[in-house]
Every structure is written in structure tokens, then in C-alpha cells.
Asker: 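Submitted below is the structure of interest, expressed as C-alpha cells.
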Amino acid sequence: MGIERSMVDPLRVSRKDFVRMGGLGVAAVVLGVEASADRAFADPRFSSNPFTLGVASGDPIPDGFVLWTRLLTAEGEMPNRQVQVRWKVATEENMKTVVRRGEAVTGPDQGYSVHVDVRGLKTDRDYFYTFRVGDYVSPVGRTRTTPGFGASPAALAFAFVSCQDYQNGYYEAYGAMAEYEQDLDFVVHLGDYIYEYGPSPEAVPGREHNGPEIKTLADYRKRHALYKGDEDMREAHRLFPFIVTFDDHEVDNNYADEIPEDDQGRRAFLRRRAAAYKAYYENMPLRRSSLPQGPDMRLYRRFSYGDLAQFSVLDTRQYRTDQPCGDGIKERCAAALSERQTMTGPAQERWLKEGLGGSRALWNVTAQQTMLAEYDFIAGPPEQFNMDQWDGYVAARNRLIGFLDKAGISNPITITGDIHSSWVHDLKTDFSRPESKTVGTEFVGTSITSEFPGEFLAPVEAALVDNPHTKYFDGSYRGYVRCDVDRQQWTTIFKGVPTEPANGSVPPQAEPEAPATTMATFVVENGQPGAVQEGPTTVGARYEGKPAPFDPAKIN
Ligand SMILES: [Fe+2]
């Protein structure tokens with residue numbers, strides 16, 4: 001309502017003030033100043049299109065969603081002031097039938113980001129949206145509300161993704177998803193949306209990081225802008241609502257709560273974490289309840305899809321205790337078994353159990369970062385585990401799986417990122433006893449681009465015999481995971497895309513009609529925990545390089 005505002009504000013100069021100020025001459029000056037300030041606010045000038053980072057939507061609920069954009073011109077020049085951004089929501093892509101509209105104000109303090117929490121819409125349907133600022137109109141985004149809380153939807157289709165190191169490759173996985181999976185209700189991002197590292201000499205052409213390891217707010221903002229520069233990812237954001245959570249690289253590799261990877265002091269690291277969280281919020285379609293307060297940010301939250309599925313989205317970085325026994329893959333020391341080890345912190349753990357315990361959903365999904373199931377990475381004795389995963393937090397895992405079992409949670413499913421490879425695990429009450437009860441199923445999705453070093457494939461595969469609860473492993477493919485959920489079964493389809501051979505693995509041949517290959521399909525029947533493979537496995541061509549010392553801690 002920019003025009004109205006610029007016309008209304010000068011009227012605040014009352015007749016009495018007008019006279020007191022000495023009549024027309026003074027009033028005209030006041031009016032002139034106010035009018036031009038308002039015009040700049042409502043009708044700002046940009047050197048070029050400020051919608052270079054695209055549009056996004058997220059955190060869908062039955063009557064709404066969050067709409068997002070962040071203004072930045074290609075030249076990076078922005079008016080150093082607050083600006084007014086208009087938005088509208090329509091029922092058709094042509095934007096003719098507008099059902100909601102409004103204005104948002106943004107400026108340098110918010111990195112020119114816009115978050116609109118749209119409410120009052122109809123359940124379970126597509127909506128379209130645009131932003132407008134000055135003379136520029138954004139691309140038309142598409143999004144979708146979820147079914148109502150009392151609804152019994154027949155089916156849900158979603159995808160999950162993680163780990164998109166810009167330097168490791170192009171976002172073909174997003175391109176394929178945007179082109180071939182248009183029926184998805186939403187996409188879940190499980191973290192490592194950006195990577196904090198400096199430029200790598202091995203970066204694929206045109207994908208070098210913009211500057212050294214990032215630490216300040218300006219650094220994190222610039223890095224997010226670099227990542228959003230990818231056209232395929234922008235297209236995925238434009239088409240699907242995203243439910244996002246972070247892992248470590250949005251801040252610093254393998255950090256745990258207040259403890260950084262390197263020996264940065266606690267106060268300096270908390271300043272860095274605050275900068276990273278602020279930039280993360282600014283760049284994600286998150287609701288205001290996730291707005292960071294200094295170094296703290298409430299990111300764990302819950303979504304439901306009628307009574308078909310409930311999603312508990314976890315944050316396993318901000319509240320976790322330090323990796324025990326030191327980071328890396330190793331034999332467990334006593335600390336890994338300590339009851340004090342936590343991934344979630346006590347408050348989130350309570351929240352998780354309460355949400356699961358009170359759920360009436362058929363499928364109960366925990367969307368989180370690192371592998372929940374045990375995996376002994378080295379064939380033969382002694383057993384060696386990755387301390388950054390739940391394997392370093394054994395008591396916390398036992399509490400969670402024990403709860404799923406004892407509380408009789410309906411169809412527990414865990415979806416996981418972090419490790420740049422695809423896995424299916426049975427979740428056992430006791431991983432050391434293969435005959436123990438299977439309580440749920442974990443699907444671990446490969447990365448969008450981040451590398452799984454080719455030389456690690458053989459040792460991880462060789463260790464499969466020591467991990468009978470693991471039904472599937474593939475580290476050759478980058479891609480995404482599609483899940484089709486109905487009232488009889490859950491189907492997980494691992495999708496692989498051709499990637500740059502920079503990571504040492506040879507790209508698979510894509511199907512001629514689609515840029516994504518089905519690598520494997522697994523099904524969980526309602527009421528029968530544990531996944532069963534359906535159809536064949538596509539095996540990627542393998543790296544034949546020199547064997548290297550095996551250190552899965554390098555996979556992050
Ligand atoms: Fe990662």
C-alpha cells in the first residue's frame with residue numbers, strides 16, 4: 001500500500017501544525033521531504049533485478065505456509081535503508097485470483113530477507129505467490145498447504161535431501177527433482193545446506209567458494225547467496241515447500257553446542273554461531289518462531305499430514321554433548337556409553353517423546369541429521385564406530401529406540417542425511433543381537449553433491465557382514481530420496497544423478513528419459529517394521545584408485 005502511505009502520512013501535519021509552521025511554505029518543505037522518503041521506502045530503486053536469489057516457501061501447515069525471498073542485485077548493491085516488499089497469494093499460476101496480499105518491510109538488518117507467515121488458507125491444495133519491490137516482480141512460486149488435523153489423507157509424496165557442498169558439483173539432483181517429481185507435497189532438507197570451508201583447488205569448474213572459511217555475518221550471508229545462485233536449487237525452492245533443519249556445516253564442521261571443531265574460544269565461537277544462525281534464518285523459509293536470539297535458535301519443530309504422517313524435525317547440533325573419545329572412527333571409549341551423552345539435549349528429548357507419544361498418525365517420522373542405527377565401519381574385530389553419529393551417543397539412542405518400542409509408536413521411520421551415501425537400516429532394540437526386535441526403519445539419503453570418497457566404498461561394503469541390520473548401502477551416487485506414503489505401505493526410492501567425477505566415483509549412466517536413476521526401492525508395510533527391497537539394485541561404476549587410509553570422519 002505504498003501509494004496510500006505516502007499520501008496519508010503528510011496529512012498527519014494537522015491544520016493547526018500547518019498554521020504554526022508558518023503556512024504553506026514550511027508545510028510544502030515538510031510534505032516534500034516526507035513524500036520522497038516514503039517513495040524511496042515503498043518504491044525503492046535498484047541497479048538491477050533484486051530477485052536474483054529466487055523465492056521459496058516452507059513450513060507448510062493446514063492453513064498456510066511461510067513465503068520467503070531475499071533481495072540482492074547481481075551487482076550486490078542495495079539501498080542502505082528499509083524497503084517495502086509487496087506479496088500476494090493466488091489460486092492459479094497466472095496470479096489472477098488473489099486470495100491474500102500484503103506488505104513486508106525489510107532492510108540491511110535482516111539481510112534484505114522477507115518472511116511472510118501466510119494463514120487462513122484452505123487445506124491440502126496448491127497456491128501460487130509473487131513478491132514485488134519497486135518495479136520488479138519475482139518469479140511465480142508454487143507452494144501447498146497440508147491436510148487438516150482431522151483429515152485422513154490417502155497418500156503423501158515427499159523428497160528428502162542433504163549435504164550440498166557447492167565445490168563438489170552441480171545441483172543436478174535438484175534439477176531432476178524439479179523436472180520429474182512435480183507431484184511432491186514438500187521437500188525435507190536435513191542439513192549441510194552450505195559449507196563453511198574456504199576455496200578448494202579441487203572445486204569443479206565455476207564452483208569455487210567465495211573467500212576463506214566463513215566466520216562473520218557478512219561471510220555467512222555471502223556464502224548463502226553464492227549457494228542460492230544455483231539455478232536448479234532455486235527452481236526446486238520455487239516449486240516445493242521446504243522443511244529445513246541444519247547440521248554442522250551451516251556453522252562449523254562437527255561442532256557440538258558451544259564447542260567448535262578448531263580451538264576457537266567459547267565466546268568467539270558463540271559469536272560465530274549467532275552470525276551463522278542469523279544468516280541461516282535469513283536465507284530459509286522459516287517461521288518467526290525460529291528467529292534466532294543471539295546464539296540460540298529454536299529449529300526443532302513438528303509437522304503433520306492429517307493422520308497419515310507426523311514429522312518431528314530434530315536439531316542434533318545445538319544441544320548435543322561433545323563427541324566422545326574425540327571425533328572420528330574408533331573403538332568406543334567409556335564416554336560413548338555414558339548416560340550423560342545427548343544428541344538432542346533433555347528438553348528436545350522430552351518434546352520428541354511427548355510428540356511421538358501423543359501422535360495419532362499412522363507413520364511417525366523423525367527427520368534428523370546423523371545415522372541413528374549402529375554401524376561398525378571396519379570388517380572384523382575390533383568394532384569401530386563414527387563418534388559424530390548416534391554411535392557416540394549410545395545411551396541416548398537406546399532411550400529413543402526403547403521409547404519407540406515400549407510406547408508402541410505406530411510405524412516409526414527415521415530419515416537421515418550427513419554421510420553422503422544411501423543406507424537402509426532396521427532399528428533394533430539391541431544392535432549387538434540380530435535376533436532382537438526391529439522397532440522401526442531408518443532411511444539415510446545420499447548427498448546432493450558432497451563427496452563420498454571413492455576409496456571408502458570397499459571398506460564400508462566389506463563391513464556389511466558385521467552389520468546384519470543394514471539392508472542397503474551405496475556411496476557411488478549423489479541424488480535425492482523420494483518417499484511415497486499411503487495407508488498400506490511406505491515406499492522409499494533412492495534416486496541417483498550423474499555427477500562430476502571429481503569425487504573419485506564414476507558417474508552412473510542416467511536413464512535416457514530422466515536425469516535421475518532409481519538406484520533401489522524399499523518398502524515398509526504398515527505394522528511391519530523393517531524394510532524390504534522391491535526390484536533390482538543399480539550398481540554404480542566403481543572407483544579403481546589407490547586404496548587410502550580409511551577415515552569416515554572425513555565424510556561430512
Ligand atoms: Fe555433509
Side-chain angles (χ1 to χ4, degrees), residues 159-174 187-198 200 202-204 207 209 213-214 220 223-224 226-227 230 233 242 244-256 260-261 276 280 284 299 313-318 320 323 327-329 343 367-372 375 377 386-392 414-423 442-454 456-457 460 473-481 494 496-497 499-500 502-505 551-556:
F160 69 91
V161 298
S162 62
C163 296
Q164 46 192 46
D165 191 329
Y166 194 77
Q167 304 197 102
N168 285 171
Y170 307 104
Y171 293 161
E172 275 120 352
Y174 279 129
V187 175
V188 181
H189 198 297
L190 298 171
D192 289 356
Y193 191 98
I194 59 163
Y195 281 68
E196 81 280 21
Y197 301 130
S200 160
E202 282 142 42
V204 302
R207 303 282 282 197
H209 273 162
E213 177 148 338
I214 51 177
Y220 283 104
R223 185 59 54 85
H224 275 283
L226 176 73
Y227 277 55
D230 186 281
M233 185 168 77
F242 271 55
V244 302
T245 184
F246 49 45
D247 193 15
D248 52 340
H249 288 284
E250 286 84 350
V251 182
D252 181 32
N253 180 41
N254 280 10
Y255 82 97
E261 177 184 31
Y280 183 75
M284 295 296 144
L299 196 57
V313 180
L314 303 192
D315 167 357
T316 60
R317 285 289 162 193
Q318 194 176 176
R320 72 152 84 186
Q323 290 86 351
D327 292 10
I329 183 153
M343 270 285 189
Q368 54 99 52
Q369 293 78 14
T370 63
M371 235 152 69
L372 177 61
Y375 198 79
F377 275 91
N386 185 346
M387 291 299 131
D388 187 54
Q389 299 181 171
W390 288 78
D391 270 332
T414 299
I415 59 174
T416 301
D418 173 60
I419 193 160
H420 310 175
S421 42
S422 307
W423 309 67
E442 180 175 29
F443 297 106
V444 183
T446 191
S447 57
I448 292 282
T449 52
S450 304
E451 67 177 340
F452 186 92
F456 295 169
L457 291 168
V460 173
F473 163 74
D474 184 280
S476 306
Y477 293 79
R478 312 283 72 80
Y480 59 93
V481 184
F494 293 95
V497 293
T499 51
E500 284 296 303
N503 61 5
S505 61
D551 181 6
K554 286 193 185 140
I555 304 164
N556 51 46

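Order of listing sets the numbers, starting from 1, for every ligand and every atom in it.
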Asker: Is Arg317 salt-bridged to Asp252, cutoff N-O under 4.0 Å?
Answerer: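 The answer is no: the pair does not qualify as a salt bridge.
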Asker: Return the set of residues passing side-chain hydrogen bond (donor to acceptor under 3.5 Å, both in side chains) with Tyr227 (not counting sequence neighbours), or none when no residue passes.
Answerer: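 Expected list: His209.
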Asker: Taking 2.8 Å as the cut-off, does an N/O/S atom of Tyr195 lie below it from the Fe ion (ligand 1)?
Answerer: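 Yes.
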Asker: So, is Cys163 placed with an N/O/S atom under 2.8 Å from the Fe ion (ligand 1), counting both backbone and side chain?
Answerer: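 Yes.
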Asker: Of all the N, O or S atoms in Asp192, which has the shortest distance to the Fe ion (ligand 1)?
Answerer: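 Result: OD2.
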Asker: List in chain and number order the residues that pass side-chain hydrogen bond (donor to acceptor under 3.5 Å, both in side chains) with Asp391, two or more places apart in sequence or in another chain; answer none if no residue qualifies.
Answerer: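 For Asp391, the residues satisfying side-chain hydrogen bond (donor to acceptor under 3.5 Å, both in side chains) (neighbours in sequence not counted) are Arg332, Arg397.
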Asker: Run through Phe494, Tyr375, Phe377, Phe452 and flag the one making a ring pair (Phe, Tyr, Trp, His ring centres under 6.0 Å) with Phe473.
Answerer: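 With Phe473 as partner, Phe494, Tyr375, Phe377, Phe452 yield a single ring pair (Phe, Tyr, Trp, His ring centres under 6.0 Å), made by Phe452.
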